[in-house]
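A short worksheet on the structure shown next.
No experiment lies behind these values; they were computed from the predicted model shown. Counting starts at 1 for both ligands and their atoms, following the listed order. If you read the sequence from its start, that first residue is 1, and numbering goes on from there.
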Amino acid sequence: MTQVERHTYDVVVIGAGGAGLRAAIEARQHGLRTAVVCKSLFGKAHTVMAEGGIAASMGNVNSNDNWQVHFRDTMRGGKFLNNWRMAELHAKEAPDRVWELETYGALFDRTKDGRISQRNFGGHEYPRLAHVGDRTGLELIRTLQQKIVSLQQEDKAETGDFEAKIKVFAECTVTELLKDGDRIAGAFGYWRESGRFIQFDAPAVVLATGGIGKSFKVTSNSWEYTGDGHALALRAGATLINMEFIQFHPTGMVWPPSVKGILVTEGVRGDGGVLRNSDGKRFMFEYIPEVFKDKYADNEDEADRWYTDPDGNRRTPDLLPRDEVARAINSEVKAGRGSPHGGVFLDVSSRLPAEEIRRRLPSMHHQFKELADVDITAEPMEVGPTCHYVMGGVEVEPDTAAARVPGLFAAGEVAGGMHGSNRLGGNSLSDLLVFGRRAGLGAAKYVDGLDKRPAAAQSDVDAAAERAVRPFDPRGGGVEENPYTLHSELQQSMNDLVGIIRKAGEIRQALAKIEEIKGRIPSVAVEGHRQFNPGWHLAIDLYNMILVSECVARAALLREESRGGHTRDDHPGMAANWRNRLLVCSTDGNEVSVDEQPQIAMREDLFELFEIGELEKYYTDDELAAHPGRKA
Ligand code: FAD
C-alpha cells in the first residue's frame, strides 16, 4: 500500500488564482471546511500577471454603459458562440464583484471625481476596465489573499486554529481526481519539494487551474499552465467544449528570443498606442471586417478623435477584438512589412508624453527596459502574436458551475463556454470573480445536499501513485525518452500546425505527431529521486498536455469554418450553420472523441437586445424567424 498523507475537507479547490480564491472564500463563508491547493507558490498564479484591468459596466467614465451593452460586446467578441446564460450572469454581476473587492480592501485607480476609473479595451464599446495602473491582477490576488487571512483570523478567534476552516496547500500538484462510483470523492497529488504523496478526501472539488499555454512554443503563459484541470476533468468523465478556440494575443514581445511571447498589455493600445508596419503605416484600417465596419473608424483623424470624444466618433481599429488584430499582424509580417525581428511596431512614444507613459504603463516601461533594453517613452516596441488564453474548457452548468460529474465544479480559464470563440480583454478577471463565487456556492449547496460522504477506493489511490512514479521505472522498452525533448516536439507541432492559421493537412500532421509522442510516453524516463525533481514533474505534466493538445487538434480539424480563435486557411469564412454547433470532447481513458452538440437558442429577451441587421451576419434565416425584426 502506498504511503500517503491524508486530509479530509468538504471542498477542495484546485488552483489559487482569482477563480480558486474567490470559490474558496464563498465555500468557507457557507461554513464548509475548504482546502486550496496550488502547484506553485501561493500568490503566484496567472491572475497576478493580469495587467489591463477587470471589465465591469459600472458606467463611471461613460454613463451610457450598462450590463446589456457589456453582454452585447461579449457575445459579439465571441462571435455569438458563447454560452449566453454565462455571458448574461457575467455582465450583470461583474460590477458587484468589483465593488465587493473594494470591501475586501482593494483600491482601484480613481476618476477626478473619486469614482473607480475605467479604461478602454478592445471590443468594449465604452471605457469599462477598472484598473490599478497596469498591475490590476496583483491587486486582485493581494486582496483575495487578504480576505482569506481575515477569515482565518475569525476562525482562530472562534476555534483557536487559524486553519480550522480554510487551509492553503502550496507547491502541491494534483495529478488525479478520485471517485466513488460516478461521484467525486477527492483528489490525489504530490508535494513538489519532497515528492511525497497527498490525498484529499472530499465530496466536492472545484477546478480553477487556469490555461493550457505551455503546449505551444510561443506563449505568454508560465510553467504551471499545462492543462492539468482540463485533463483531470476529462479523465474523471467530464466533458470539454470549444477546445478549438485558442486566443493568440496580438501583442507579445518578439525580441530577444529568451523573452519571446511575454505579454505586452492591450492597455498600451487602450491608452493611445498604435500599430505600424515597417513603412510606418497604421495598417489596422485595412483590416476592419465587414461585421465591424459601422463601429470602427476608417481613417486616422476619426480614430484619434475617438480617444477624447468617444460618443462622436467610431473607435480606433487598433482596438478590434484580439483575433482580428492577431490575424492582421500575421498578414503584415507574411507580406514582408514586419519589424526586424518578425513582428510589427507598437508605438506609444510618439503618442503620449514620456511622463504620462511612465505613470500609466509602469510595468510595460520596466519590462521593455529590463528585458529588451528598449525605452518605450522614446522608441516603438516590436510585438507579435503569442498563445495567451484558451476559450475552451470544462463544460459547466452556468448558474452553479457544475461539470457533468457529480461533485465536480470548474471556474475561471479552465471552464468553457463563457467567451465563445474569442474572449475580450478584461473579461477574464471579471469571469474569475463571477464564476469563482458561483462555483464556491454550487459546491457548498451540493455538499449540504448530500446524505452520505463518498469514499475513494484504496486501489484507485494505489493506481494514481503507480502512474505518478512510472517515469522512474519506464515500461516502454527500447530507447529511453527525455520529457524535455517530447515537450519541445509537442510545443513545436502545436505552434506550427495548430497555431494562429490552420489547414486540414497540417492539423492531421499534428495529430500524427501527437500519436507518435503518445507511443513514446511509456518510455519516458527520469533520473534521481522524488525530492524536488523538475524532470519528473514535467513527465507528469506531459500526460495532460498531450491529452489536451489532442482535444484542440481534433476539434480544430472538425470545425470547417473560421471564427474567433480558430482560423482555417482552407475554410476562411464564418459559416452561419456552424455557429450553433459545439464540439464536445470526452475520453474513455484511451481514445479522445469529439461529438457535436447544438447550442441552446438564446432567450428571447436577450436575443432582442440585438438589431436584426447585426444578427443576420451570424445567424441562419431559420434561427432569425423568431426575432421581432423578422416577425414585423
Ligand atoms: P490562474 O490565475 O491561472 O491560476 C491557476 C492556479 O491553478 C494556479 O494557482 C496554479 O498553480 C494552479 N494549478 C494549475 N494546475 C494545478 C495542479 N495540477 N495542481 C494544483 N494546482 C494547480 N485577463 C484579464 O481579464 N485582464 C488582463 O489584464 C489580463 N492580463 C493578462 C496578462 C498575462 C501575462 C496573462 C498570462 C494573462 C492575462 N489575463 C488577463 C488572463 C487572466 O489573467 C487569466 O485568464 C486568469 O488570471 C486565469 O485565472 P484562473 O483563476 O482561472 O487561473
TODO: Indicate the ring-plane relationship of His124 and Phe121, choosing parallel, tilted or perpendicular according to the 30° and 60° boundaries.
DONE: tilted
Open item on the list: For Arg196, I'd like to know if atom CZ has over 12 heavy atoms of other residues, nucleotides or ligands within 6.0 Å.
Closed with: no
Open item on the list: Would you say that more than 12 heavy atoms from the other residues, nucleotides or ligands in this model lie under 6.0 Å from the CD of Glu466, or not?
Closed with: yes
Task: Near-ring test His90/Phe71, centroid separation under 6.0 angstrom - done: no
Task: Within the 6.0 Å centroid threshold, strictly below: Tyr389 and His249 - done: no
Task: Residue shell around ligand 1, heavy atom under 4.0 angstrom - done: Ile14, Gly15, Ala16, Gly17, Gly18, Ala19, Val37, Cys38, Lys39, Ser40, Ala45, His46, Thr47, Met49, Ala50, Glu51, Gly52, Gly53, Cys172, Thr173, Val174, Ala208, Thr209, Gly210, Ser220, Tyr225, Asp228, Leu263, His388, Tyr389, Gly412, Glu413, Arg423, Gly426, Asn427, Ser428, Leu429, Leu432
- [ ] Can you see which heavy atom on Thr34 is nearest to which on Ala27, and at what distance?
- [x] OG1-CB, 3.6 Å
